[in-house]
Amino acid sequence: MPTSWADSVAAADNAAAAAGASSGGGRSAYVPPHLRNRPPPSSEPPVLAHGGPSSGNIAPAGNRWAAPRNDYGRSGYSSGGGGGGGRGGGWNNRSGGWDRGSGRDREVNPFGDDEGADVEPVEQENTGINFDAYEDIPVETSGDNVPPPVNTFAEIDLGDALNKNIRRCKYVKPTPVQRYAIPISLANRDLMACAQTGSGKTAAFCFPIISGIMTGQFPPRAPHMSRTACPLALILSPTRELSIQIHNEARKFAYQTGVKVVVAYGGAPINQQLRELERGVDILVATPGRLVDLLERARVSLQMIKYLALDEADRMLDMGFEPQIRNIVQQMDMPPPGVRQTMLFSATFPKEIQRLASDFLAGYIFLAVGRVGSSTDLIVQRVEYVQETDKRSHLMDLLHAQRANGTHGKQALTLVFVETKKGADSLEYWLCSNGFPATTIHGDRSQQEREQALRSFKSGHTPILVATDVAARGLDIPHVAHVVNFDLPNDIDDYVHRIGRTGRAGKSGLATAFFNENNSSMARSLSELMQEANQEVPAWLARFATRASFGGKNRRGGGRFGGRDFRRDNSYSRGGSDYYGAGNMSSGYGAPSGGYGGAYGSGVTSAWD
DNA sequence: AAAAAAG
């Protein structure tokens, strides 16, 4: 039920989206509520107390998904685990797997809907994007024997449980990165993907991991005695909030599959995370620092890792995580490349990432998806010339104007990016004392404060959020109507990420940037980006751009990718410095014709993240 | 230069 302005908008949007989703193919048979989460009836083998070596880790063809892998929380209950390989596949359900004990092990419904109801749930964090606007996103792949992309989720055998969750998420059709990455991953190939936040990455690496864990033959989780958790998959991400978000999404995808997802990040009490780990983990989502801590305490072992995914890898390197990441991947007990399966996601593909790719991946496939932010006109971008000293009053004008035409008499959600943590605090204080309820998120705030700030913003309680770049990438905050670059970043990629916080869910968004002499290094890339996105470039900015042609980094030589597969460059001897590629990628451009065809009206949900 | 992340 709508509890805020933002929610009521979501509800309205979802009504339309649900109509589209319900027409999607591949529905599973209706299962009455009281029969759900139960071991499947009759034709299935009985509950196995002792999973013999060959005892049905793989179900009969076409039926292997019949049972969710309900054996999580199996610590201490997993009898016969020593018998060798009697795990997985969905047969290991023990009757009462859901009713066991005090009910603490009952899986929380991550969709927040009534577990019994078979209605299309209202998904508050519906993050779909108008797919029609993205038909022209180019895709490039290279490598040996690239599996062909799929055009629908139904084409991929992800199984009933996962398919059901996909429908509950109201994903109607896969995004470009999903169309390519999921088949690659299901073919057990390593993947180097250049894709931006907002391209649907999370599902792209979660679906194959969950599916792989469900079908794979893995030994039982560590018995309760052992305090060392042995996840089968590890997902690393740069910021705590991003880890939390990935965890939340992964829980939805894994709901009632029996695949257990746990998150570990710094700034939060470690004890609760330790308890979660003790109760068993298949997929661990973590920030590097906390994971190293857990590894040093021997509370996590990586020896069972079959899947490794690194999200926002360039960001993690920017943040100085390379030593920790190499420590985690290369110095601990993680199986080597080729044994495990690795997916590396990065917005760009500079030399450091190329090195990481050759060290972490084996025989990988390179995938590049065009940037989302530049090829859409869903976001109206404005640049205004504002002197440093005038910024606050200018912001005030914007907020007043916005309040005037605000819907429901409420302030639309506005995300204000500033350069420094101090600046964030002082702007928040100033806004609050001037009658604009604001909060702030940055690295000097406690984790509790950060999460509280996000909640307060999302709910509309404080419809203005002042943020540093901690919130620039990956964070999905639905219904942001306006992104203000109070201080412009020094990097055009950061700008793209920031404005990408709006214009989501198929709605238009507004992005306003305050520009002055201090930002002249951005003039060129900014005006190029705006031109590419069919935005009106102010004449004064164009003049800045020509005047300041010395500064700023060029935008990708006109290409729309974050990078290209350096293995294809015969100019590799140059040292790979020309990693942005200068277009000329005629092969594999765009999707196969008809790939995006379909009777989806605007506003129909897709699986963008 | 600032930001983030392990306390």
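Heavy atoms only: backbone and side chains are in, while hydrogens, waters and symmetry mates are out. Chain A is the first sequence line, chain B the second, and so forth, proteins listed ahead of strands; every chain is numbered from 1. In this text, all values refer to a predicted model and were calculated from it rather than measured experimentally.
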(request) In plain terms, say whether A:Glu107 and A:Arg251 are close enough for a salt bridge, that is, a side-chain N and a carboxylate O under 4.0 Å apart. (result) no

(request) Grab the CG-P distance between A:Asn485 and B:dA2 for me, whole Å please. (result) 19 Å

(request) Side chain of A:Thr420 only, please: which of B:dA6, B:dA5, B:dA2 is the nearest? (result) B:dA2

(request) Take atom CZ of A:Arg445 and atom P of B:dA5, then tell me their distance rounded to the nearest Å. (result) 14 Å

(message) My understanding is that only residues two or more places apart in sequence, or in another chain, count here; which of them pass side-chain hydrogen bond (donor to acceptor under 3.5 Å, both in side chains) with A:Glu388?
(response) A:Lys391, A:Asn516, A:Asn518

(request) Looking at every strand, decide which applies to A:Arg450 at a 4.0 Å heavy-atom threshold: base, sugar-phosphate, or nothing. (result) sugar-phosphate

(request) Please determine if A:Arg498 and A:Asp469 form a salt bridge, counting it only when a charged side-chain N lies under 4.0 Å from a carboxylate O. (result) yes

(request) Figure out the NZ/P separation between A:Lys421 and B:dA5, and round it to whole Å. (result) 9 Å

(message) Given B:dA3, B:dA2, B:dA6, identify the nucleotide with an atom nearest to the side chain of A:Asp293.
(response) B:dA6

(request) Could you please name the option among B:dA1, B:dA6, B:dA2 that lies closest to any side-chain atom of A:Val292? (result) B:dA6

(request) Compare all side-chain heavy atoms of A:Met334 with those of A:Arg340 and state whether any distance is below 4.5 angstrom. (result) yes

(message) Whole angstroms only, please: what is the CG-C1' distance between A:Leu236 and B:dA4?
(response) 15 Å

(request) Would you indicate, yes or no, if B:dA6 has its OP1 or OP2 atom less than 4.0 angstrom from a side-chain nitrogen or oxygen of A:Arg240? (result) yes

(message) Distance check needed: B:dA3 P versus A:Ile441 CD1, whole Å only.
(response) 14 Å

(request) Write down the distance between CZ (A:Arg297) and P (B:dA6), rounded to a whole number of angstrom. (result) 12 Å

(message) Can you measure A:Phe486 atom CZ to B:dA2 atom P for me and round it to whole angstrom units?
(response) 17 Å

(message) What is the distance, to the nearest angstrom, from the CD atom on A:Glu312 to the P atom on B:dA5?
(response) 13 Å

(request) Check whether any side-chain nitrogen or oxygen of A:Thr287 sits under 4.0 Å from OP1 or OP2 of B:dA4, and answer yes or no. (result) no

(request) Please list, chain by chain and in numerical order, all residues satisfying side-chain hydrogen bond (donor to acceptor under 3.5 Å, both in side chains) with A:Gln273, sequence neighbours excluded. (result) A:Arg290

(message) Among B:dA3, B:dA1, B:dA5, which nucleotide has an atom closest to any side-chain atom of A:Thr239?
(response) B:dA5

